[in-house]
Amino acid sequence: MKFDVKTIDQKWQQYWKDHKTYRTTNDTTKPKYYVLDMFPYPSGAGLHVGHPLGYIASDIVTRVKRQQGYNVLHPMGFDAFGLPAEQYAIDTGVHPSVSTEKNCRRYKEQMEALALSFDWDRAVNTSDPKYYKWTQWIIGQVFEHWYDNQAGKARPIQELRDHLAQRGTEGLDAAQSAPLEVTAAAWAGMTAKEQSEVLMNYRLAFRSVSYVNWCEALGTVLANDEVKDGRSERGNHPVVQKPMLQWSLRITAYAERLLAGLDTVDYSDGLKAQQRNWIGRSTGAQAFFDIEGREEPLEVFTTRPDTIFGVTFMVIAPEHELVSELTTPAQEKEIQDYLAYVGSRSEIDRQQETKVTGAFTGAYCINPLNGARVPIYIAEYVLKDYGTGAIMAVPSDDERDKRFAEKFGIEIIDVIDKSDYPGATLKDKVGKLINSDFLNGMEVPEAIVAATEKLTAMGRGEQQVNYRIRDLVFSRQRYWGEPWPIIYSEDGVPQLVDTDSLPVTLPPMEDFRAVSGISPLERATDWNQTPQGRRETDTMPATAGSNWYYLRYMDPTNDEEFVAKDVVDYWQDVDLYVGGAEHAVSHILYSRLIHKFLFDLGKVPTREPYKKLLNQGMIGAPITSIHLGIMLSDDGQRHPIWVSSSLAENSPLEIEGLGKGHLVLDESTLERNVPLRMVEETSVNNEPSYRIYKDAINAAQQDQAMDAAYLRTVLQQGSAFAWETDKDGRQFIELSYQMGKMSKRYHNVINPDDISERYGTDCFRMYEMFLGPIDQAKPWSVSGIDGVYRFLRRFWGMFTNEQDELQVTAAAATKEEMKTLHTLIKKVTEDVDKLSFNTCISAFMVATNELIKGKCHKRDVLEPMVRLIAPFAPHLAEELFAALGGEGSVHLSPWPEVEEKWLVEDSFTYPIAFNGKTRLTLDFPAGASKEEIEAEAKDHPEVAKHLEGKTIRKVIVVPKRMVNFVVG
RNA sequence: GCGGGUGUGGUGAAAUUGGUAUACACGCCAGAUUUAGGAUCUGGUGCCGCAAGGCGUGAAGGUUCGAGUCCUUUCACCCGCACCA
């Protein structure tokens, strides 16, 4: 029995594969537990050390639950549709289906090497037609439903048709794109096309012209969450706003329920806050301002109806539909110039500088409460998508309105007296109303209610709730996604493809480059022309497949339904969902939406998909930069020039002989491989950096003990770096490190394979868990892994003697040993439950240290420990379990039970404190009463010494805790 | 600006939720063993002090017999959102 991690790893990985140890059946006799990892997008870079953090954690929970007798569903799959694969395909000419398949295989191999106990028979792939058949079916159902606000749920579109046929829009309270009034008679007189357009106003998946994020470089529209700082998240290309005809999902209909549901799930506060923020609910009032010379009034939304007497102008968004109508001839030029200016500014410009700009339309509004005549402006700071795209401006009580009024010389009327609230800012909703007619003297909250009531009574407005969230643009003009299952009939009416005809598979295409807003599928004429009509050529975004994948794992091969009812009734929902925080908002929100929709249809039994969510912290890695020198600018300032290893590829400063991606140096590599004489910590203009000396490297080359081959190889390319010379004439280069995300583009990806190769998979798994709390971000560092390796050797050593023979004895365990064991069982069981894996591992170390000290080799103690450590170190546990004569796999063996009797203490060591400061400890029997302890403690000579010359004011005795003398 | 989070030894981090601060590990120091060590084992290791003792959880207050933990104020850093009416 040799401690040979590589052999043991291979042996058992093969065993698990052969025996399908981790296969999960839909065995309804056992309680279920569903542990889900966010499935990865299979990129070409493979797994890095950051990925496994969550996978290992969820795997440990899975294994513990399995041993505890649960039927555990723990699947894995691939989120294979999406832009990167397609972009890669365009760059390299490899078809996305080919590269995707290859990457999936690699991911699967790497995951198997980490001993993640997935049931691979249940694996899904979102780009597989057998899978996306059901993605199309679900989105098709969304299309076939509308949202009834009264019932608070989605209802079939046929019921809407019936309603319209009977009563028109009367009595209809539905989520809609725009207010619409249709009589039953008008409905009856409409053509199919016209009716279809009415229905489109209500469908939960609908097609409309709206402003969307258009990315020219990618040739497609993007969802809000795919845009960061005015650029595409993929590829970092500029994004502009553009009106386009697009499919969307009416997520706004579910805003309230998505918000309310957050109170019922176990997510972190931060995550819930992020979701609430994204939904962005705010309560206020709508108000109608008559426009001079126009029938229809201007509708605004405000959270401060109380300030309505302070309104001195109105502002509408430059894209507001009334702009051209309201503009007077005299203002025509000014408005046109302003619109041109706005059009010239990108999203990035808008976000970076917030200059006060705007233009007067020439039109006027009438304040419904005091009849004041106020001018209407257009300005960039009013957003077309929020509220009604129009505001009543109150310069006395709003920062932006104030700046605008000051710039354009508009009157400012104070309406809130804040003198009772020193330090209150404009934003605070406090103060007393002044200059406000019937509101005068009221406090703000009171005035808000009064003003809203007044508006309502006058029929000029009412209380209203507004959401920041916008409907989800669900069209992409790209190839590598699910085609929308829609066919347009001759008169242009969109028809859902029959379930029997699903999936609508992607046509094979040679060239699927996206050309400015026209889907590549437009060119597949054989495919998009059908006897029933023309196919929709837009595809769905990557979120389409990942919204519901957790349901497919329950029943992955079902051809009749996306999941069978009895199956989903058994598995219910995900008990623990583990994944990166980067998906915390959009992915979770969208899949909650789909889940709630399916709930409305009676297809799933729960209101929320994920009971508990764990976001693992990101593991960062250093990004290396090479210091090339100091540049002196004209003013004599010194500017260090750094070339990061990532930029080195494209840098105009050519670095010869430096192979791409070769400068992957992390701190520990340096510590481990570079003797101190070689490295000096310095700083270049306050940037911490390391200095590496050339002569030291040369010396190091002679040093056979050093395993720094690639470091030397890279650094020996001396001429490439422009070596600097210090005052002693020694040549050096300087490197800097910055912690950052592990990514292919920074060339700082650290691969788990290498670590496993050297220390074994179990050691890697335990080390990643030992790094710290799972939800905390941390830099990757390999220092410390030896400690875990040593622990595993010591653990192993309890079972074997120096000749590598099993030395486990049948001798009865002592009380102490049993206490050690059961303390450990209790701690590990509880901590796994709390997802505190790092403390589990210390507990194993503590117990092992105690048992080794007592030279314990007893089966009664060691055998349960093997079952206990199995989730953490699955290979070694398996080997030890077999050696002890265990039947089958240790991972299917029962989890050890705590026997409380071993944890009972005979005596307890009390800290004895004086005025709260601990001075000594004393042992008392566990059953001793407060009085006994107090009396005995007082009599103790050591205690008496501390009490000498002092009066005891009070004695506090907390049994099993401590004793405190309050003295004076 | 708004929202969320984090500040504890040289380092990663513990602390039964108000009860002996620094468990466990890395690193370092000393010793043993060894031809050698990126091996193994033993002991030590918060700071000041010769000691008695004192001081210590970003800072300042407060509540309490007792505070890393609760409250108030404040500082620093990280993440998310941001002209949201």
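When reading the values below, keep in mind they use all heavy atoms of this one structure, side chains included, and skip hydrogens, waters and symmetry mates. Chain identifiers are assigned alphabetically (A, B, ...) following the order of the sequence lines, protein sequences preceding nucleic acid strands; residue numbering begins at 1 within each chain.
The aromatic rings of A:His587 and A:His583 lie perpendicular to each other, with more than 60° between the two planes, well past the 30° mark.
In the model, A:Tyr338 has a side-chain atom that pairs as donor or acceptor with a side-chain atom of A:Thr357 under 3.5 Å. One side chain, A:Asp401 or A:Tyr381, offers a donor N or O that lies under 3.5 Å from an acceptor on the other. A donor-acceptor contact closer than 3.5 angstrom links the side chains of A:Asp471 and A:Thr252.
If you check B:U20, B:A14, B:U17 against the side chain of A:Pro911, the one that comes closest is B:U20. When the nucleotides B:A21, B:C65, B:G4 are ranked by their closest atom to the side chain of A:Ile956, B:C65 comes out on top. Checking B:A14, B:A25, B:G54 against every side-chain atom of A:Pro773, the shortest atom distance belongs to B:A14. The side chain of A:Asn964 sits closest to B:G66 out of B:U42, B:G4, B:G66. Nearest nucleotide to the side chain of A:Phe770, out of B:C24, B:A13, B:G19: B:C24. Distances were taken from every side-chain heavy atom of A:Arg468 (C-beta onward) to each of B:A85, B:G19, B:A82; the shortest belongs to B:A82. Checking B:A25, B:G3, B:G19 against the side-chain heavy atoms of A:Ala273 singles out B:G3 as nearest. Nearest nucleotide to the A:Arg790 side chain, out of B:C83, B:A85, B:C26: B:C26. Closest to the A:Thr918 side chain, of the nucleotides B:C24, B:U20, B:C83, is B:U20. In the set B:A14, B:G80, B:U20, B:U20 carries the atom at the smallest distance from any side-chain atom of A:Thr921.
Both distances falling under 3.5 Å, in either a Watson-Crick or a G-U wobble arrangement, occur for no nucleotide opposite B:G66. Nucleotide B:G80 forms a pair with B:C2, judged by Watson-Crick or G-U wobble geometry with both contacts under 3.5 Å.
Residue A:Arg276 places no side-chain N or O under 4.0 Å from the OP1 or OP2 atom of B:G3. At B:C84, none of the side-chain N or O atoms of A:Asn277 fall inside 4.0 Å of OP1 or OP2 (strictly under the cut-off). Contact check, A:Gln776 against B:A13: a side-chain N or O comes under 4.0 Å of OP1 or OP2. Under 4.0 angstrom from either OP1 or OP2 of B:G18 there lies no side-chain N or O belonging to A:Arg961.
In this structure the side chain of A:Leu53 reaches within 4.5 angstrom of the side chain of A:Met769, judged on heavy atoms. Taking the side chain as every heavy atom from C-beta outward, A:Val5 and A:Arg758 never approach each other to under 4.5 Å.
With rounding to whole Å, A:Lys384 atom NZ is found 15 Å from B:C84 atom P. Protein atom CG of A:Leu792 is 16 Å distant from nucleotide atom P of B:A39, rounded to whole Å.
Where A:Tyr789 and A:Ala843 each meet RNA chain B at their nearest nucleotide, the meeting point lying more 5' is that of A:Ala843. For A:Gly270 and A:Arg403, each mapped to the nucleotide of RNA chain B holding its nearest heavy atom, the one lying further toward the 5' end belongs to A:Gly270.
For B:U17, the glycosidic angle deviates from 0 by 90° or less, giving a syn base. B:G9: glycosidic angle within 90° of 0, hence syn.
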